[in-house]
Amino acid sequence: MNVTPSNMDMLYQEIILDHYKHPHGAGLRDPFEAEVHHVNPTCGDEITLRVHLDGETVTDVSYAAQGCSISQASVSVLNDLVTGKSVTDGMAVLDSFTQLMQGKGQVEPDEDVLEDGIAFAGVAQFPARVKCALLGWMAWKDAVSQALVTTHPPTTGDPA
Amino acid sequence: MNVTPSNMDMLYQEIILDHYKHPHGAGLRDPFEAEVHHVNPTCGDEITLRVHLDGETVTDVSYAAQGCSISQASVSVLNDLVTGKSVTDGMAVLDSFTQLMQGKGQVEPDEDVLEDGIAFAGVAQFPARVKCALLGWMAWKDAVSQALVTTHPPTTGDPA
Amino acid sequence: MYDVARIREDFPILGRRLSGDLPLVYLDSANTSQKPRQVIDAIDDHYRQHNANVARAMHQLGAEASAAFELGRDKVAAFIGAPNRDEVVFTKNASEALNLVARVLGETPVGGQARVGAGDEVVITEMEHHSNIVPWQQLTQRTGATLRWFGVTDEGRLDLDDIDTLITERTKIVSVTWVSNMLGTINPLDVIITKAHSVGALVVVDASQAVPQIPVDVAALGADFVAFTGHKLVGPTGIGVLWGRYDLLASLPPFLGGGEMIETVTMERSTYAPPPARFEAGTPPIAESVGIGAAVDYLSSIGMAHIAAHEQAITAYALGALQEIDGLTVVGPKEAVDRGGAVSFTLEGVHPHDVSQLLDSRGVAVRAGHHCAKPAHLRFGVQSTTRASFYLYTTEQEIDALVEALHHTKKYFGA
Amino acid sequence: MYDVARIREDFPILGRRLSGDLPLVYLDSANTSQKPRQVIDAIDDHYRQHNANVARAMHQLGAEASAAFELGRDKVAAFIGAPNRDEVVFTKNASEALNLVARVLGETPVGGQARVGAGDEVVITEMEHHSNIVPWQQLTQRTGATLRWFGVTDEGRLDLDDIDTLITERTKIVSVTWVSNMLGTINPLDVIITKAHSVGALVVVDASQAVPQIPVDVAALGADFVAFTGHKLVGPTGIGVLWGRYDLLASLPPFLGGGEMIETVTMERSTYAPPPARFEAGTPPIAESVGIGAAVDYLSSIGMAHIAAHEQAITAYALGALQEIDGLTVVGPKEAVDRGGAVSFTLEGVHPHDVSQLLDSRGVAVRAGHHCAKPAHLRFGVQSTTRASFYLYTTEQEIDALVEALHHTKKYFGA
Ligand SMILES: Cc1ncc(COP(=O)(O)O)c(C=O)c1O
Ligand SMILES: Cc1ncc(COP(=O)(O)O)c(C=O)c1O
């Protein structure tokens, strides 16, 4: 079925509206190694997101977000998809989600990897909404990088 | 006869070309009460012009000018028209010449006032050349104002 | 009689069909206006028949292009009642016009003194567009001056109670919007200008939303600088206007350097042309001047008083209809009094993005977001709003379509 | 085969008849180029079908306009070989692009340090256009830095003998034109860039006359900033380009404030978006981006290598024919080697204004004056010159018409 600007049901899939109304893992929790604040400058959507790592494992992603259904649902899905995964596996999911979003509707989503995330396939055809869908994911990427620096301080040549 | 961009003889009247080839009163002379330097920013034409007043009378207008036939001929005509006249009469000639130049070809020149200056009637239809024709006249206006200040220092309320 | 149907025929885009073969309901004119064929054709004809560079070219095309370019300036000057055509400086948009003023007021002219320095104050308002906030933040940061601002009342009006403590002997500049692009408020400029001038401050007016909508006479207004933009007044992109009092402009140092803004240039130093050339570095927006000239001609042919009356009527109609929708709250003055044709609102339970997306699916084009007025949004405790905005071509049927689409939106999101 | 006749059919204005029913011989392309219908139609169609504001609008027209605007950026980036589309900043013209660089290099980024301050040196050349002189005079005056410059040889080439004493450890910026708009000289940028980078200086290239005429690959060039302008490359007025290395752009403070250049704004302070948005305050030149995109498509469809070869051939033809005229002296390189298609000359006994006026009476459009390069004129002891300049649509017959009209001019003035 073709997605057009007049065909809203392909954009607002039931799954998206469910996540929007009942976001998974919302709220800011302790402990965490990194907290970031991201803004979509165009519309003002905002998110504060914390990451808690246990070694290589993402043990919690907590957040407070203000934004539209797409941005809210997408961070809820993110929470589902990366919590409990290794950082490497989480980053792989991020890659596939980003590819789907930037694929202008030409990329076939992999349900095994993206689970509920495949509901965002329609968003890829609304360029103005792609940023909404990616807001939480970009924040997560940023937070993980910072958390890794905290938990694995870069080793330098100097052993002191 | 109509003046058009392809009809050069109406622009470059014999009189203009004569003044261009044999400019009247060219050169910088002493004495003078004011010297000014004016530039046409668009094309770079330049003039240095001196005015010598004797009381209310313009006794000399001397100049060194670099520029096109129109700007050179026009200052030569200026020299003819204002030398020996009172400042007031000179300014009246300036007014009529300016009106002619800015009249877009709609103003009928008065030969009694403008003499050889009527040859510039065609220039008024070439907007880009109007500035050329006015360069020397604007310099003269400026120089006379300065010379008047020098020769008639403004009286103030304070008699000291 | 104001004949909207007749006017709409001049705007080719209003006949466009959108996805799903829906007619376009364009309610985003405060963002940018649509263009009548008179403007589009003038630009087209310029490029096909008269294109050349200006000022410098002495050939026939050059003379035609220069005349056309300067005629645009004459038309704009007449349209805003400028006492002198040389008071009209062309910029690339309203933002550049405001930045230009903010820059040159902080810089030192040859043999003079900067108008703003350390210890001085600049006063703006909480309802400004970012383009009338950021340049003043930059200016005050650069110079060590202090930025202060008027607050906004719950009704969305400027809070003038503080005027005597805000505008004082320390105030050097007051910069204020005439019509708010978010709240729709029309500000009482006379009070502010009188007060500012009484302490010797200069007044800059952001008229980006005013010039398109209401008859403007800068001489009667009495401000020192007025900025606006071509694309909001049925003109092209790529051109804005800074009007300034001639004596002031003539006393200020240049902004951008190069091209025709000079008097003479040597490697060591340059001297500068008088206004407006002094502030127009490089090749100016030539085709855009032709376009803005055609735009003001078009608006004048209809009559700005008629356009203002239509704007007022359609805004009143919209405010009435919108406020009957349950859960819809207008942010800004709720009645069409001292008010322009931009109506921002929230709809309970539905984020503005989602509102605008659903409206778009019905062919209704509105804007969602902070409308480049984050502080005004913060003031009302909202992060974003949906904004519908109207212009000379807006019809009551379009407002009805908006209302109907909003009901549909509520149903869709179960709100 | 390069088919000039075919190309000319794309340019509506080339069919125009001038006063006296003369055909137009347009030899003023270094001043501004003519526009093919592909460009004019693209702009026309944009206003008729897709006009909306960009970035901020989420409706269908907004999405179309945003895509069209950003596609213009993609096309320009590809045309100049930019490694990253976000390195292409749209300005209003080349002059703004050069001023932008000069301003931000003298200002202090948050948590950083200005690139130019007191005691530093900026190096330019004597053959620059005023737009690449005045901004650096302003910068050095503001910061207390020193402006220095390369001289020009009698042949009209940069005098590089001084390079080691001019570009030193004190040099922070070297700004130089690629192709001179007056002399026609193509400068050996590789030598200058290598030397400048060896002392840690940044290199700004004024490519206003280069991008229209020769294939440009900014990545291969190795400069830090490159500026050019839309109207000289068969594109519209109202748009210019600043290309800059991304890491550099990202390290620089903003220039104009307002609109979409922000990340967030409060009344107290603002943070700024990454490039290119950081440097594009206010509504950008939207229709103009569509136009410049169509322009580079058009040039690419013919092929920049072919255009360069044509330019070279026609310039060689013109240099040969012109120098056979008694009393005519070419100012600048006399052979078509490392040389663009602008030929400035003097004609003994006839002032350039009068030359251009007489040529115009024959339908031949050239420029007379200082071509915004007063120092270069001073260098050759002339106050002004007549300049004929050629482009992809120029024919040998037009050069013949120029030569014939020059003979007529000489006869007319008895020179
Ligand atoms: C070499 C050069 N640099 C800069 C410019 C300025 O370009 P613009 O007038 O579009 O700002 C020009 C053209 O006038 C030029 O030829
Ligand atoms: C009140 C107000 N000021 C300034 C601007 C900036 O205008 P521009 O984007 O044309 O620079 C706008 C429009 O966006 C506006 O509504």
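All values below come from the heavy atoms of this structure, side chains included, with hydrogens, waters and symmetry mates left out. Given the structure is predicted, the values throughout are model-derived calculations rather than measurements. All chains are named by letter (A, B, ...) in the order of the sequence lines, taking the proteins before the strands, and each is independently numbered beginning at 1.
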Taking side chain as everything from C-beta outward and backbone as N, CA, C, O, which of these in C:His371 sits under 4.5 Å from a heavy atom of chain D? Side chain, backbone, both or neither. neither

In Å, rounded to the nearest 0.5 Å, how long is the span from NE2 of C:His46 to OG1 of D:Thr237? 6.0 Å

Portion of D:Phe11 that has a non-hydrogen atom of chain C nearer than 4.5 angstrom: neither

Toward chain C, the part of D:Ser33 with a non-hydrogen atom under 4.5 Å: backbone

Max heavy-atom pair count under 4.5 Å with chain C, selected residue of D:Ala65, D:Pro285, D:Ala281: D:Ala281

Could you look at C:Thr140 and say if it's the side chain, the backbone, both or neither that has a heavy atom under 4.5 Å from chain D? neither

Look at the rings of C:His59 and D:Tyr26 and say which category their plane angle falls in: under 30° parallel, 30 to 60° tilted, over 60° perpendicular. perpendicular

When only pairs under 4.5 Å are counted, which of D:Pro253, D:Ser19, D:Ser131, D:Gly369 shares the most heavy-atom pairs with chain C? D:Ser131

For the student: nearest non-hydrogen atoms of D:Met267 and C:Pro375, plus distance: SD-CB, 3.5 Å

Residue from D:Val134, D:Thr229, D:Ile239, D:Leu378 scoring the most non-hydrogen pairs under 4.5 Å with chain C is D:Val134

Max heavy-atom pair count under 4.5 Å with chain C, selected residue of D:Arg37, D:His353, D:Gln357: D:His353

Just do the side chain to side chain contact (heavy atoms under 4.5 Å, CB included) check on D:Trp149 and C:Glu268 with the steps written out, would you? CA-CA 10 Å; D:Trp149 53 87; C:Glu268 291 79 11; 3.6 Å; yes

Tell me the closest heavy-atom pair linking C:Cys372 and D:Glu260, and the distance in Å. SG-OE2, 3.7 Å

Please assess D:Arg367 against C:Asn53 for the test side chain to side chain contact (heavy atoms under 4.5 Å, CB included), listing each intermediate value before the final yes or no. CA-CA 10 Å; D:Arg367 184 172 172 189; C:Asn53 213 326; over 6 Å; no

One pair to check against side chain to side chain contact (heavy atoms under 4.5 Å, CB included): D:His50 and C:Arg16. What are the steps and the verdict? CA-CA 9 Å; D:His50 311 289; C:Arg16 237 202 83 166; 3.4 Å; yes

So which heavy atom on D:Met58 is nearest to which on C:Asp360, and how close? O-OD2, 4.4 Å

Supply the atom-to-atom distance D:Ile40 CD1 to C:Asp45 CG, rounded to the nearest 0.5 angstrom. 9.5 Å

Kindly give the heavy-atom pair with the smallest separation between C:Gln138 and D:Leu256, and that separation in Å. OE1-C, 4.2 Å

Greatest number of non-hydrogen atom pairs under 4.5 angstrom with chain C, of D:Ala365, D:Ala287, D:Pro135, D:Pro254, falls to D:Ala365

I need the minimum non-hydrogen distance between D:Asn93 and C:Thr283, along with the two atoms involved. ND2-O, 2.9 Å

Cationic N near anionic O, under 4.0 Å, D:Arg103 to C:Glu107: yes

Under 4.5 Å from a heavy atom of chain C, the part of D:Ser270 involved: both

So what's closer than 4.5 Å to chain D heavy atoms on C:Arg48: side chain, backbone, both or neither? both

Check each atom of C:Thr125 against the heavy atoms of chain D and say whether the ones under 4.5 Å are side chain, backbone, both or neither. backbone

Is there a side chain to side chain contact (heavy atoms under 4.5 Å, CB included) between D:Ile13 and C:Tyr47 once you walk through the steps? CA-CA 8 Å; D:Ile13 209 170; C:Tyr47 281 131; over 6 Å; no

Okay, C:Ile124 and chain D: the region with an atom under 4.5 Å from a heavy atom over there is side chain

Top contributor to chain C interface from D:Lys374, D:Gln60, D:Lys35 [non-hydrogen pairs under 4.5 Å]: D:Gln60

Of all of C:Pro12, C:Gly258, C:Ser29, which one pairs up most often with chain D through heavy atoms under 4.5 Å apart? C:Gly258

Quickly, which of C:Asp28, C:Leu24, C:Thr32 forms a side chain to side chain contact (heavy atoms under 4.5 Å, CB included) with D:Leu61? Name it, please. C:Leu24

Roughly how far, to the nearest 0.5 Å, is the NZ atom of C:Lys92 from the OG1 atom of D:Thr91? 6.5 Å

Counting heavy-atom pairs under 4.5 Å with chain D, the top scorer among C:Glu64, C:Gln137, C:Gln34 is C:Gln137

Counting only heavy atoms closer than 4.5 Å, note whether C:Leu147 contacts chain D via side chain, backbone, both or neither. side chain

So, the part of C:Ile286 with a heavy atom under 4.5 Å from chain D: the answer is both

From the list C:Pro284, C:Gly363, C:Pro236, the residue making the most non-hydrogen contacts under 4.5 Å with chain D is C:Pro236

Minimal non-hydrogen separation, D:Ser95 against C:Gly282, with atom names: OG-CA, 3.1 Å

